[in-house]
Asker: 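Could you have a look at this structure, given as structure tokens, before my questions?
Note on naming: letters A, B, ... go to the chains in the order of the sequence lines (proteins, then strands), and numbering restarts at 1 for each one.
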Number of protein chains: 2
Amino acid sequence: MRIGELAARAGTTARALRYYESRGLLPARRDEHGHRTYEERDLRLLRQIRTLQDFGFDLEETRPFVECLRAGHPEGDSCPASLVVYRRKLDELDALIGELAAVRAKVGEQLARAEAARDGLAAEALVPGGPEPVCELGG
Amino acid sequence: MRIGELAARAGTTARALRYYESRGLLPARRDEHGHRTYEERDLRLLRQIRTLQDFGFDLEETRPFVECLRAGHPEGDSCPASLVVYRRKLDELDALIGELAAVRAKVGEQLARAEAARDGLAAEALVPGGPEPVCELGG
DNA sequence: CTACGGCTTGACGCCGACGTCAAGGCAAGA
DNA sequence: TCTTGCCTTGACGTCGGCGTCAAGCCGTAG
């Protein structure tokens, strides 16, 4: 199997595969013409990489999984190093989700406050000399 | 006030201010030496930019807020365009948080499954010929 | 013969928000 | 006078994961 076919079967591009090879992640043998050749097991490795990338893993973080598979283990996460990456990723996700939730809350508050201010001004404009609410400058 | 002082008072760098100016976000007057000069109100604009950036807003997304302040409004979010950005950001945050939560759940599952498999193998190793669980290859 | 498709390496482009370095100007203090 | 410090513009570096283009090789279908 050559690079184009492997890429297509994994739903990615030849360029990506060359990049993975340049990172030492997915080396290839060469045929008599210098073309890269791959085997079925390489498809397995590549799918492992793609799956983890879809989860937001950095390419480097997929390395333990790939090496685990290449070492003959049944799954990419059959090795301790992979579990370490899982746990670290979970921590990162929890931290990130927490930060984003806090930001979301603050932005929501800001929006609510700004809309209230806008409505307050609108009401004031509609009713001149009306009930100026909690403004210590008014009076 | 020159660029270094303004940067220090806003907790950022002169380089950042020059960048903002290059983007047309925070223009500066010049003194007789060609040095950038700023006034107190520029500090207000700059702080608005920094606050939004801390929330994860793109620099471009801070523009409506800055222009709103420059137009003389009491707050950067006193203008409709700013509220639009708020709402869009909230949607983005909700979507992102949702995706991350889904990924977190999947990674958590994978970790649990991998640990269970590992423990299963460990138990098998401790008890040779023992209760080989759900492995269709065993027997 | 020629076109075409697929492969090769090499190298620059991209995106965002600056960091960092180079080379030089200008003013005040020791 | 010399140094120090702050300022200027210009331009390249950073990071990740490739996209895209250039130039060229190889085999095959028409």
Side-chain angles (χ1 to χ4, degrees), chain A residues 1-39 42 45-66 85 88-89 92-93 96 100 103, chain B residues 1-39 42 45-66 85 88-89 92-93 96 100 103:
Chain A
M1 178 167 35
R2 289 182 302 175
I3 193 169
E5 185 182 345
L6 178 58
R9 289 178 65 184
T12 181
T13 66
R15 180 68 183 89
L17 299 202
R18 294 196 195 98
Y19 179 67
Y20 299 157
E21 182 175 353
S22 78
R23 304 285 94 189
L25 201 59
L26 191 65
R29 259 154 281 149
R30 302 301 180 108
D31 65 14
E32 70 272 19
H33 300 302
H35 291 186
R36 290 173 178 80
T37 60
Y38 301 88
E39 298 165 21
D42 289 320
L45 304 186
L46 184 49
R47 283 186 171 148
Q48 175 73 80
I49 294 172
R50 301 289 299 172
T51 298
L52 293 176
Q53 279 195 319
D54 287 346
F55 283 170
F57 283 53
D58 292 343
L59 198 54
E60 260 324 297
E61 293 177 321
T62 73
R63 193 180 297 274
F65 296 80
V66 175
V85 174
R88 188 159 48 75
K89 186 56 65 177
E92 287 175 14
L93 283 168
L96 182 55
L100 291 177
V103 166
Chain B
M1 177 167 37
R2 288 182 301 176
I3 194 171
E5 184 182 346
L6 178 58
R9 288 179 64 184
T12 181
T13 66
R15 179 70 183 88
L17 299 201
R18 294 196 195 97
Y19 179 66
Y20 300 157
E21 182 174 352
S22 78
R23 303 285 94 189
L25 201 60
L26 191 65
R29 260 154 282 149
R30 303 302 180 107
D31 65 14
E32 70 273 20
H33 301 301
H35 290 186
R36 291 172 178 81
T37 58
Y38 302 89
E39 298 164 22
D42 290 319
L45 304 186
L46 183 50
R47 282 187 172 147
Q48 175 74 80
I49 294 172
R50 301 288 299 171
T51 298
L52 293 176
Q53 279 195 319
D54 287 345
F55 283 169
F57 283 53
D58 292 343
L59 197 53
E60 257 329 292
E61 293 177 322
T62 72
R63 194 180 295 275
F65 296 81
V66 175
V85 174
R88 187 159 47 75
K89 185 58 64 177
E92 288 175 14
L93 283 168
L96 182 55
L100 290 177
V103 167

Asker: Rounding to a whole Å, what distance do you find between A:Phe55:CZ and D:dG17:P?
Answerer: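 That distance rounds to 17 Å.
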
Asker: For a salt bridge (charged side-chain N to carboxylate O under 4.0 Å, His left out) check, start with the C-alpha distance between A:Glu92 and A:Lys89, then their side-chain angles and the critical distance, and finish with the verdict.
Answerer: CA-CA 5 Å; A:Glu92 287 175 14; A:Lys89 186 56 65 177; 3.2 Å; yes

Asker: Drop me the distance from B:Leu17's CG to B:Ile49's CD1, to the nearest 0.5 angstrom.
Answerer: 8.5 Å

Asker: Between A:Tyr20 and D:dG17, is there a contact of a side-chain N or O with OP1 or OP2 at under 4.0 Å?
Answerer: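 Looking at the OP1 and OP2 atoms of D:dG17, neither is under 4.0 Å from any side-chain N or O of A:Tyr20.
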
Asker: In whole Å, I'd like the distance from the CG atom of B:Leu25 to the P atom of C:dA17.
Answerer: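 Between P of C:dA17 and CG of B:Leu25: 10 Å.
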
Asker: How many Å lie between CZ on A:Phe57 and P on D:dG17, as a whole number?
Answerer: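 So the CZ-P distance, A:Phe57 to D:dG17, works out to 13 Å.
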
Asker: Between C1' on D:dT8 and CD on B:Glu21, what's the gap in Å once rounded to a whole number?
Answerer: 12 Å

Asker: Rounding to a whole Å, what distance do you find between B:Asp54:CG and C:dG16:C1'?
Answerer: 16 Å

Asker: I want to check one thing: is the phosphate of D:dC18, taken as OP1 and OP2, less than 4.0 Å away from some side-chain N or O of A:Thr13?
Answerer: no

Asker: Classify the nucleic acid contact of B:Arg18 as base, sugar-phosphate or nothing, counting any heavy atom under 4.0 Å across all strands shown.
Answerer: base

Asker: Between the axis at one end of the helix from C:dC1-D:dG30 to C:dA30-D:dT1 and the axis at the other (five pairs apiece), what's the angle to 10 degrees?
Answerer: 40°

Asker: Drop me the distance from B:Leu6's CG to B:Arg47's CZ, to the nearest 0.5 angstrom.
Answerer: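 Those atoms lie 9.0 Å apart.
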
Asker: Calculate, to the nearest 0.5 Å, the distance between atoms OG1 and CZ belonging to B:Thr13 and B:Arg18 respectively.
Answerer: 8.5 Å

Asker: Rounded to the nearest 0.5 Å, what separates atom OG1 in B:Thr62 from atom OH in B:Tyr20?
Answerer: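 Reported to 0.5 Å precision, the distance equals 8.0 Å.
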
Asker: Can you see which heavy atom on A:Leu46 is nearest to which on A:Ala10, and at what distance?
Answerer: CD2-CB, 3.3 Å

Asker: Does a side-chain N or O of B:Gln53 approach OP1 or OP2 of C:dG16 to a distance below 4.0 Å, or not?
Answerer: no

Asker: Taking only the side-chain nitrogens and oxygens of B:Arg36, find out if one of them lies under 4.0 Å from OP1 or OP2 of D:dC7.
Answerer: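 It does not, given that no N or O in the side chain of B:Arg36 lies less than 4.0 Å from OP1 or OP2 of D:dC7.
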
Asker: Can you tell me the distance, in whole Å, between the CZ atom of A:Arg15 and the P atom of C:dT8?
Answerer: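 After rounding, the gap between these two atoms is 12 Å.
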
Asker: Give me the distances for all protein-to-nucleotides 25-27 of chain C N/O pairs that come in under 3.5 Å?
Answerer:
none

Asker: What nucleic acid atoms does A:Arg30 come within less than 4.0 Å of, heavy atoms only: base, sugar-phosphate, or nothing?
Answerer: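 If one applies the 4.0 Å heavy-atom cut-off, A:Arg30 turns out to touch the sugar-phosphate alone, with no base involved.
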
Asker: From CD1 of B:Ile49 over to C1' of C:dC18, roughly how many Å is that when rounded to an integer?
Answerer: 14 Å

Asker: Measure from the side chain of B:Ile3, starting at C-beta and using heavy atoms only, and say which of C:dA17, D:dC7, D:dG17 lies closest.
Answerer: D:dC7

Asker: Over all heavy atoms of both residues, which pair between A:Glu21 and A:Tyr38 is shortest? Give the atoms and the distance, please.
Answerer: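 Smallest interatomic distance, heavy atoms only, reads OE1-OH, 4.1 Å.
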
Asker: Does B:Glu60 offer a backbone N or O that forms a donor-acceptor pair with the side chain of B:Arg23 under 3.5 Å?
Answerer: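 Judged by distance alone, no pair lies under 3.5 Å.
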
Asker: Would you compute the distance between atom CZ of A:Arg50 and atom CZ of A:Phe57 and round it to the nearest 0.5 angstrom?
Answerer: 15.0 Å

Asker: Quick check for you: to the nearest 0.5 Å, what is the distance between A:Arg36 atom CZ and A:Leu26 atom CG?
Answerer: 10.0 Å

Asker: Whole angstroms only, please: what is the CZ-P distance between B:Arg23 and C:dA17?
Answerer: 9 Å

Asker: Kindly point out which of D:dC18, C:dG16, C:dG19 is positioned nearest to the side chain of B:Tyr19?
Answerer: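 Among D:dC18, C:dG16, C:dG19, the one nearest the side chain of B:Tyr19 is C:dG16.
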
